[in-house]
Amino acid sequence: MSWSSFYNTASRVFHEYPSWSKAVVVCTFISGGGIVAYGDGRAAYSDSGDQIPKKKVVVLGTGWAGTSFVKNMKNSSYDIHVVSPRNYFAFTPLLPSLTCGTVEARSIIEPIRNISRKSGIDIEFSEAECYKIDPKNNKVYCRAAAQDKKLGGMDEFSIDYDYLVIAMGARSNTFNTPGVQEHAYFLKEVEDALRIRKKVINLFERASLPSVPVEEKKKLLSFVVVGGGPTGVEFAAELHDLVHEDLSKLYPSLIDHVKITLLEAGDHILNMFDKRITEFAEGKFKRDGIDVKLGSMVVNVGEKDISSKERSGQVVTIPHGMVVWSTGIGARPEILDFMKQLGQINRRALVTDEWLRVEGCDNIYALGDCATINQRRVMEDIAVIFSKADKNNSGMLDLKEFQNVVDDIIERYPQVDIYLKKNQMKDMATLLNKSQESPATTVDIEYFKQAVSKVDSQMKNLPATAQVAAQQGAYLADCFNRMELCERYPEGPLRFRGTGRHRFHAFRYKHFGQFAPLGGEQTAAQLPGDWVSIGHSSQWLWYSVYASKLVSWRTRALVISDWGRRFVFGRDSSEI
């Protein structure tokens, strides 16, 4: 085939088939010849010309994990169906700001249909909640969202799937504390934040009535925050700023009656942060008049008071107008039911492998707050690792044999890499040599066990954060985008308990840092490399990072305009 005829043929096909602009063109030159393969991308065909049916992928949830998966899906060979009781994605890190009118609800949400439309592939969405998962028959059972339950018996339906992606998130964990469900406010959803916002203003309005005595005013304006994690600390800081920067001008006679109390069962607030940040946060709250009670475990929440057990064993009762509960997360009832079906009992979340696949299910994946990765221990597989490396079955490994599998060991067991870095070891050979006085040239299995015996101590569960969920969604989408390619050419580590390689590289979380807004335009930032910054400069970094992480230019413009409005006009204090 001459170049001119090739060009003419390609030009004719391009003009006759406009979808060529979306096609994948593969040119393979073999023995001086050219083979051109092209496809429309909208449908797949077998060698006989028959259309191959698309595989159905059902995604449960539109939170960080589910939305990240949908946003990053580029492979049109799947039929994707998203099911969620809310038809939008919410930027949850700004929920504390929403509670106090710093930003508006519309500014931090983006319709999921907008996000799916921009992904470039057809995605179906159903506003419904999944109440049962049937892994044996590959079905999920759903019902219309709570606000749509007047459909005359048409509110329930089922969906078949080939692959299921569970990204349903989690609920607030009450630890079965009496009165929490009835009397406390949570901060997990946009609706929660709006309820808190309305309640705060309502309490100030009630306290401002001339008929209310002083003691009752103090009770009404007593705000108790339970939980000293990032959400609880940020809400307490936002509430303090709202009261002293805005409400003090509108209710000047009430400000002296306002009290904000933060209850934390542990020894410090923000205990997942660097010690320098923890100490600064506790000192700043003390200066701001926020009463931080450490070692206080809540035992009961009443309509008008809350009881906590102190370290001394004494039970202290505090009157309150509102309690905000932010003490961690627990599994949703639907997830607990699914876990029972799989025999995963006494676990806090769905257990998956390192590829986010639910243990015991080949075609079900779970990510985000509803799942936890069961990272295999090196010591569990020590014998098969040694056997895989010992190709001549000599019972001894020389360094060359060991080097052939060392990369696979580090990828399959990330705790090895963490241990090496923590102990400032260059590579696995250094680890082996550290275990004896003279450099090792060959090792047997007992010596190998001794060398890596402490590695598993570095295993940690991933935190339940938006950062983790978003990375998991993007990772899984990339796996689906390259599923067919990786079936033919596996890229993952060696299967130490089998033959060949895993299809994909295992999921690895990359930590990019974390923020803790502390009020007064001051934020604590902890970034990789033990870099800690606290103050006004970190607040501007927080503004920049959060604005860049919003999912659309629309939400970025709205949030930035909300911040500007707050600087100029103050926070909105209307009771709506």
Side-chain angles (χ1 to χ4, degrees), residues 59-73 82-119 123-130 144-148 167-172 185-200 230-231 234-235 238 324 326 329 332 367-370 464-467 469-470 473-474 515 517 542-566 571-572 574 576:
V59 182
L60 302 179
T62 53
W64 280 93
T67 301
S68 178
F69 175 81
V70 170
K71 188 178 179 181
N72 287 279
M73 277 296 292
V82 180
V83 178
S84 174
R86 62 184 191 191
N87 70 343
Y88 59 84
F89 164 78
F91 191 80
T92 52
L94 287 178
L95 286 181
S97 298
L98 177 57
T99 62
C100 298
T102 303
V103 298
E104 296 298 326
R106 293 286 179 188
S107 303
I108 66 170
I109 63 176
E110 181 73 12
I112 195 66
R113 296 180 192 274
N114 283 358
I115 296 173
S116 62
R117 179 173 55 85
K118 294 174 183 176
S119 69
I123 296 176
E124 185 178 356
F125 174 77
S126 296
E127 189 177 31
E129 55 187 3
C130 172
Q147 63 269 26
D148 295 326
M168 300 172 68
R171 62 178 177 176
S172 297
Y185 288 75
F186 301 105
L187 192 48
K188 286 285 293 178
E189 307 285 350
V190 170
E191 294 82 2
D192 297 333
L194 292 175
R195 279 194 290 268
I196 292 173
R197 177 173 172 175
K198 184 174 182 178
K199 179 68 173 179
V200 170
T231 302
E234 185 175 352
F235 171 72
E238 282 276 0
V324 174
S326 179
I329 58 174
R332 294 182 180 274
L367 45 159
D369 293 351
C370 69
T465 63
Q467 194 174 163
F515 292 97
W542 179 86
Y543 284 136
S544 301
V545 171
Y546 275 30
S548 68
K549 293 298 181 181
L550 288 160
V551 295
S552 69
W553 284 105
R554 183 189 72 86
T555 52
R556 290 188 190 103
L558 290 173
V559 167
I560 292 172
S561 66
D562 285 345
W563 288 335
R565 171 187 51 78
R566 197 268 296 177
R571 296 171 179 85
D572 182 13
S574 56
I576 57 172

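Side chains are part of it too, since the values below use all heavy atoms of this structure and drop only hydrogens, waters and symmetry mates.
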- Message: Tell me whether Asp572 is salt-bridged to Arg565, with the criterion being a basic N under 4.0 Å from an acidic carboxylate O.
- Response: no

- Message: When you measure from the side chain of Ser116 to the backbone of Arg113, do you find a donor-acceptor pair of N or O atoms at a distance under 3.5 Å?
- Response: yes

- Message: How close do Tyr543 and Arg566 get, counting heavy atoms only, and between which atoms?
- Response: OH-NH2, 3.3 Å

- What one should report as the nearest heavy-atom pair of Gly368 and Ala469 is CA-CB, 3.8 Å

- Item | For Arg106, salt bridge (Lys or Arg N to Asp or Glu O under 4.0 Å) partners two or more places apart | none

For residues 89-103, which side-chain N or O atoms pair as donor and acceptor with protein atoms under 3.5 Å away, sequence neighbours left out?
{"residue": "Thr92", "atom": "OG1", "partner": "Trp64", "partner atom": "NE1", "Å": "2.9"}
{"residue": "Ser97", "atom": "OG", "partner": "Glu238", "partner atom": "OE2", "Å": "3.0"}
{"residue": "Thr99", "atom": "OG1", "partner": "Pro96", "partner atom": "O", "Å": "2.5"}
{"residue": "Thr102", "atom": "OG1", "partner": "Glu238", "partner atom": "OE1", "Å": "3.1"}
{"residue": "Thr102", "atom": "OG1", "partner": "Arg571", "partner atom": "NE", "Å": "3.1"}

- Item | Under the side-chain contact (heavy atoms from CB on, under 4.5 Å) test, residues paired with Ala547 that sit two or more places apart | Ile560, Trp563

- Value for OH (Tyr88) from CD1 (Ile108), rounded to nearest 0.5 Å, stands at 8.5 Å

- Between the CD atom in Glu110 and the CG atom in Leu550, the distance rounded to the nearest 0.5 Å is 9.5 Å

- Query: Distance-only, no hydrogens or angles: does the Asp562 side chain make a donor-acceptor pair with backbone N or O of Glu104 under 3.5 Å?
  - Reply: yes

- Query: Which heavy atom in Gly169 sits nearest to a heavy atom in Cys370, and how many Å separate them?
  - Reply: O-CB, 3.2 Å

- Partners passing side-chain contact (heavy atoms from CB on, under 4.5 Å) against Val82 (at least two apart in sequence or in another chain): Val59, Thr62, Val70, Ile80, Ile123, Phe125

- Note on the structure: side chain to side chain donor-acceptor pair (under 3.5 Å) filter on Arg171, not counting sequence neighbours, yields none

- Item | Thr555 to Ser107 - nearest heavy-atom pair and separation | CB-O, 3.4 Å

- How far does CD1 of Ile112 sit from CG of Asn87, to the nearest 0.5 angstrom? 9.0 Å

- Taking only residues two or more places apart in sequence or in another chain, which ones pass side chain to side chain donor-acceptor pair (under 3.5 Å) with Ser126? His81

- Message: Please give me the minimum heavy-atom distance between Ser68 and Ala470, naming the atom from each residue.
- Response: OG-O, 2.7 Å

- Note on the structure: Shortest non-hydrogen pair, Thr231 vs Ser326, comes out as CB-OG, 3.4 Å

- Item | Residues which pass side-chain contact (heavy atoms from CB on, under 4.5 Å) with Lys71, listed by chain and number, not counting sequence neighbours | Ile115, Val551

- Message: For Thr67, give me all partners under side chain to side chain donor-acceptor pair (under 3.5 Å), at least two apart in sequence or on another chain.
- Response: none

- Task: Taking salt bridge (Lys or Arg N to Asp or Glu O under 4.0 Å) as the test, write out the residues that go with Arg556, two or more places apart.
- Result: none

- Tell me, please, which residues at least two apart from Lys188 pass salt bridge (Lys or Arg N to Asp or Glu O under 4.0 Å). Asp369

- Item | With sequence neighbours excluded, residues passing side chain to side chain donor-acceptor pair (under 3.5 Å) with Ser119 | none

- Task: Could you name each residue pair satisfying salt bridge (charged side-chain N to carboxylate O under 4.0 Å, His left out) that touches residues 85-102, not counting sequence neighbours?
- Result: Arg86-Glu189

